[in-house]
Amino acid sequence: MAQSPQDILNWIKNDNIQVVDLKFIDMPGIWQHLTLYQDQIDESSFTDGVAFDGSSIRGWKAINESDMAMVPDPNTAWIDPFMEEPTLSMICSIQEPRTGQPYERCPRSIAQKALDYLASTGIGDTAFFGPEAEFFIFEDVRFDQTENSAYYYVDTKEGRWNSGAVEEGGNLGYKPRYKEGYFPVSPTDTLQDMRTEMLLTMAKCGVPIEKHHHEVATGGQCELGIKFAPIIESGDNLMIYKYCVKNVAKKYGKSATFMPKPLFNDNGSGMHTHQSIWKAGQPLFWGDGYANLSQTALHYIGGILKHAPALLALTNPTTNSYKRLVPGFEAPVNLAYSQGNRSASIRIPLSGPNPKAKRLEFRCPDATCNPYLAFAAMLCAGIDGIKNQIDPGSSLDVDIYDLSPEELAKIPSTPGSLLEALEALQNDHNFLVDSGVFTKDFVENWIEYKLDNEVNPMRLRPHPYELSLYYDV
């Protein structure tokens with residue numbers, strides 16, 4: 001139910017709420033927050049915003065132009081379940097305090113511009129997104145990097161590598177096998193109660209919930225299911241999802257990570273993203289084409305596939321993302337579409353005769369992405385496909401493992417590294433910029449930030465495995 005600023009102020013007064021927490025997302029995709037005493041929030045806060053120093057936020061303002069304002073969205077208000085003092089939390093967008101205009105590098109504002117762009121084309125008025133974010137649960141996480149050493153260590157009693165470990169109280173032996181962690185019951189699945197608490201906690205925060213289950217990898221890989229939602233609300237829901245998962249895990253003495261590939265030689269964590277466009281309350285992706293898709297949907301797929309290498313710089317924005325996108329681990333490395341082939345980057349889920357359920361699932365993204373940027377970029381690519389009637393080509397309905405090397409070579413694949421994806425974005429970003437959703441400044445800043453802070457630092461550091469390969473040469 002929509003809420004006005006006055007509704008929020010009445011809530012604060014009637015429930016005697018003393019503190020209000022304002023959350024916003026930085027450019028790479030991490031929530032930041034500021035907690036205020038209740039008398040610091042009034043009606044003007046919802047229009048003029050609350051001032052803060054933007055120069056301290058990654059990828060944003062220079063110190064000589066640091067003033068910014070966070071503007072809370074009253075429709076996002078919820079009582080934070082992880083704070084001892086009853087605390088009303090709201091999600092904010094960022095605006096320029098001098099002009100009152102949305103800050104062009106604010107991810108949430110960019111998602112709003114993507115929705116406005118969709119409406120301006122006349123194609124549709126609503127874009128639904130349904131992310132399926134996977135994550136790992138560990139009990140011990142350690143890492144370090146110095147000039148003369150590099151080290152990481154993650155562990156959980158669920159890990160198959162602990163089948164021979166001496167454990168307090170005895171090792172009971174129930175450890176999911178590698179690549180066989182999908183849907184086991186207790187006692188193999190030790191995380192049932194924790195996942196249930198994660199799911200129900202999200203519901204208390206206003207996220208529409210569906211299900212939860214253990215995922216394929218050993219070592220505590222899980223997924224919680226949330227319902228699809230309009231583009232901005234879906235971004236908000238995913239941020240609450242990650243917040244609840246991490247904090248409930250901490251309550252249990254465990255640590256949750258959305259890092260795509262924290263374990264070698266087992267499946268990584270992705271974020272398959274369901275999406276569809278509607279207009280005037282009617283779905284536009286249902287039709288009489290392949291897998292009951294409309295021509296609009298097929299052209300949308302054509303846009304996603306054409307721009308996929310560049311898209312991945314935003315949907316798979318870490319160096320670790322590309323350790324997941326490799327053959328042999330159920331990863332969607334083939335830039336093709338199919339109604340059943342899960343190795344294809346776009347899958348058409350079974351939806352029966354229900355036009356409202358017709359959607360496509362882009363399987364490449366992972367949850368290290370900034371959801372507002374990722375959703376906005378995917379929508380721009382799809383719209384470009386519709387506007388330019390981009391043919392997605394033939395579907396990939398064969399078993400990929402039955403193809404000959406010659407046949408496989410004809411299927412385009414995802415970039416092999418973040419550097420390759422950034423180079424693709426450098427060469428293919430007009431579909432983002434010409435729409436007015438992203439600015440050229442944003443794209444250039446994103447590429448520079450990723451190169452300077454992630455790609456190049458990784459290049460400079462020896463990897464531990466390199467010593468086993470080359471130390472004795």
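Treat the numbers as computed from the prediction; the structure is a model and nothing was measured.
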Worksheet item: Do Asp80 and Thr87 pass the side chain to side chain donor-acceptor pair (under 3.5 Å) test, and can you show the C-alpha distance, the side-chain angles, and the key distance before you say yes or no?
Response: CA-CA 6 Å; Asp80 195 306; Thr87 301; over 6 Å; no
Practice prompt. For residues Tyr182 and His213, establish whether the separation of their ring centroids is below 6.0 Å.
Written response: yes
Worksheet item: Looking just at side-chain N and O atoms, do Asp7 and Ser4 make a donor-acceptor pair shorter than 3.5 Å?
Response: yes
Fill in: Presence of salt bridge, Lys23 and Asp21, under 4.0 angstrom
yes
Worksheet item: Is there a donor in the side chain of Ser44 and an acceptor in the side chain of Thr47, or the other way round, less than 3.5 Å apart?
Response: no
Discussion item. Closer than 3.5 angstrom, by distance alone: can the side chain of Gln275 be matched with the main-chain N or O of Thr273 as a donor-acceptor pair?
Written reply: yes
Worksheet item: About how many Å separate CG of Leu88 and CE of Met83, when rounded to the nearest 0.5 Å?
Response: 10.5 Å
Worksheet item: What's the shortest heavy-atom distance between Gly235 and Phe375, and which atoms?
Response: N-CE1, 3.7 Å
Worksheet item: Between Trp78 and Thr76, is any side-chain donor less than 3.5 angstrom from a side-chain acceptor?
Response: no
Practice prompt. Examine distances only and state if a side-chain atom of Asp42 and a backbone atom of Ser45 form a donor-acceptor pair shorter than 3.5 Å.
Written response: yes
Contacts under 3.5 angstrom, residues 254-261 side chains, donor-acceptor by atom type, not counting sequence neighbours:
| from | atom 1 | to | atom 2 | distance (Å) |
| --- | --- | --- | --- | --- |
| Lys254 | NZ | Glu139 | OE2 | 2.8 |
| Thr257 | OG1 | Met259 | N | 3.1 |
| Lys261 | NZ | Asp266 | O | 2.5 |

Item to complete: For residues Phe228 and Phe129, establish whether the separation of their ring centroids is below 6.0 Å.
Response: no
Response to the item:
Looking only at heavy atoms, the pair that brings Arg58 and Met27 closest together is O-CB, 3.8 Å
Worksheet entry | Polar side chain donor-acceptor pair, Gln112 to Asp116, under 3.5 angstrom | yes
Worksheet item: Do NZ/NE/NH1/NH2 and the carboxylate oxygens of Arg108 and Asp73 come within less than 4.0 Å?
Response: yes
Discussion item. Can you tell whether the side chains of Arg98 and Glu96 come within less than 4.0 Å, N to carboxylate O?
Written reply: no
Worksheet item: Is the count of non-hydrogen atoms from other residues, nucleotides or ligands lying under 6.0 Å from Asn14 atom CG greater than 12?
Response: yes
Sequence neighbours excluded and cut-off under 3.5 Å, please list the side-chain donor-acceptor pairs for residues 377-393, or say none.
| from | atom 1 | to | atom 2 | distance (Å) |
| --- | --- | --- | --- | --- |
| Asp384 | OD1 | Asn388 | ND2 | 2.9 |
| Asp384 | OD2 | His307 | NE2 | 2.7 |
| Lys387 | NZ | Tyr117 | OH | 3.2 |
| Asn388 | ND2 | Asp384 | O | 3.1 |
| Asp391 | OD1 | Gly393 | N | 2.9 |

Response to the item:
Between Ile447 and the options Leu422, Val455, Asp452, the side chain to side chain contact (heavy atoms under 4.5 Å, CB included) test singles out Leu422
Worksheet item: What heavy-atom pair brings Tyr322 and Ala421 nearest, and what distance separates the two atoms?
Response: OH-CB, 3.3 Å
Discussion item. What I'd like to find out is whether the side chain of Thr414 reaches to under 4.5 Å of the side chain of Leu312, using heavy atoms alone.
Written reply: yes
Item to complete: Look at the rings of Phe52 and Phe24 and say which category their plane angle falls in: under 30° parallel, 30 to 60° tilted, over 60° perpendicular.
Response: tilted
Practice prompt. Start with the C-alpha gap between Leu298 and Tyr337, add the side-chain angles, then the distance that decides, and say whether side-chain contact (heavy atoms from CB on, under 4.5 Å) holds.
Written response: CA-CA 10 Å; Leu298 289 168; Tyr337 69 102; 4.1 Å; yes
Worksheet entry | Side-chain heavy-atom pair Ile209, Leu200 within 4.5 angstrom cut-off | yes
I'd like a table of donor-acceptor pairs (distance under 3.5 Å, sequence neighbours excluded) in which one partner is a side-chain atom from residues 430-442, with atom names and distances.
| from | atom 1 | to | atom 2 | distance (Å) |
| --- | --- | --- | --- | --- |
| Ser435 | OG | Leu432 | O | 2.8 |
| Ser435 | OG | Val437 | N | 3.2 |
| Thr439 | OG1 | Phe442 | N | 3.0 |
| Lys440 | NZ | His429 | NE2 | 3.2 |
| Asp441 | OD1 | Arg105 | NH2 | 3.0 |
| Asp441 | OD2 | Arg105 | NE | 3.0 |
| Asp441 | OD2 | Arg105 | NH2 | 3.2 |

Item to complete: Report the distance from atom NZ of Lys113 to atom SG of Cys106, rounding to the nearest 0.5 Å.
Response: 9.5 Å
Worksheet item: Got a donor-acceptor contact below 3.5 angstrom from the Lys279 side chain to the Gly122 backbone?
Response: yes
Discussion item. Using the rule given for side chain to side chain donor-acceptor pair (under 3.5 Å), can you reason through Gln3 versus Asn75, listing the C-alpha separation, both sets of side-chain angles and the distance that settles it, and then say yes or no?
Written reply: CA-CA 5 Å; Gln3 298 186 97; Asn75 294 308; 5.6 Å; no
Worksheet item: Under 4.0 Å between a Lys/Arg side-chain N and an Asp/Glu carboxylate O for Glu361 and Arg347?
Response: yes
Discussion item. Test your reading of the model: is there a side-chain donor-acceptor pair from Ser338 to the backbone of Ala344, 3.5 Å cut-off?
Written reply: no
Worksheet item: Is there a donor-acceptor pair closer than 3.5 Å between any side-chain N or O of Thr126 and the backbone N or O of Trp278?
Response: no
Fill in: Criterion side-chain contact (heavy atoms from CB on, under 4.5 Å) on Leu191 and Cys222, from CA distance to verdict
CA-CA 9 Å; Leu191 303 171; Cys222 299; 3.6 Å; yes
Worksheet entry | Donor-acceptor pair, side chain of Asn237 and main chain of Val207, under 3.5 angstrom | no
Worksheet item: Any side-chain heavy-atom pair from Cys244 and Met198 closer than 4.5 angstrom?
Response: no
Practice prompt. Check the surroundings of atom NZ in Lys306: do more than 12 heavy atoms from other residues, nucleotides or ligands lie under 6.0 Å from it?
Written response: no
Item to complete: Give a yes or no answer on whether the side chain of Glu134 reaches the backbone of Gly270 with a donor-acceptor pair at less than 3.5 Å.
Response: yes
Worksheet item: Less than 4.5 Å apart, any side-chain heavy atom of Pro317 and any of Asn370?
Response: no
Item to complete: Walk me through it: do Gln221 and Ser269 pass the test side chain to side chain donor-acceptor pair (under 3.5 Å)?
Response: CA-CA 8 Å; Gln221 190 184 36; Ser269 293; 3.1 Å; yes
Worksheet item: Should Phe138 and Phe136 be marked as a ring-ring contact (aromatic ring centres under 6.0 Å, His included) after you check the CA-CA gap, both sets of side-chain angles, and the distance that decides it?
Response: CA-CA 7 Å; Phe138 297 118; Phe136 280 91; 5.8 Å; yes
Worksheet item: Side-chain contact, heavy-atom cut-off 4.5 Å: Asp189 with Gln192?
Response: yes
Worksheet item: Is it true that Lys251 and Glu197 have a side-chain N and a carboxylate O under 4.0 angstrom from each other?
Response: yes
Discussion item. For a quick test of reading the model, state the closest non-hydrogen atom pair linking Pro107 to Tyr372 and the distance between them.
Written reply: O-CB, 3.2 Å
Discussion item. Using side chain to side chain donor-acceptor pair (under 3.5 Å), reason through His212 and Glu223 one step at a time and then give a plain yes or no.
Written reply: CA-CA 6 Å; His212 70 76; Glu223 180 185 319; over 6 Å; no
Practice prompt. Say whether, by atom type as modelled, one donor and one acceptor occur between the side chain of Glu158 and the main chain of Gly220 under 3.5 angstrom.
Written response: yes
Worksheet item: Can you tell me if Tyr290 uses its side chain to pair, donor with acceptor, with the backbone of Gln339 under 3.5 Å?
Response: yes
Worksheet item: Counting only N and O atoms by type, is there a donor-acceptor contact under 3.5 Å from the side chain of His214 to the main-chain atoms of Gly181?
Response: yes
Worksheet item: Does the ring of Trp11 carry Lys13 above it, NZ/CZ under 6.0 angstrom from centre and within 45° of its axis?
Response: no
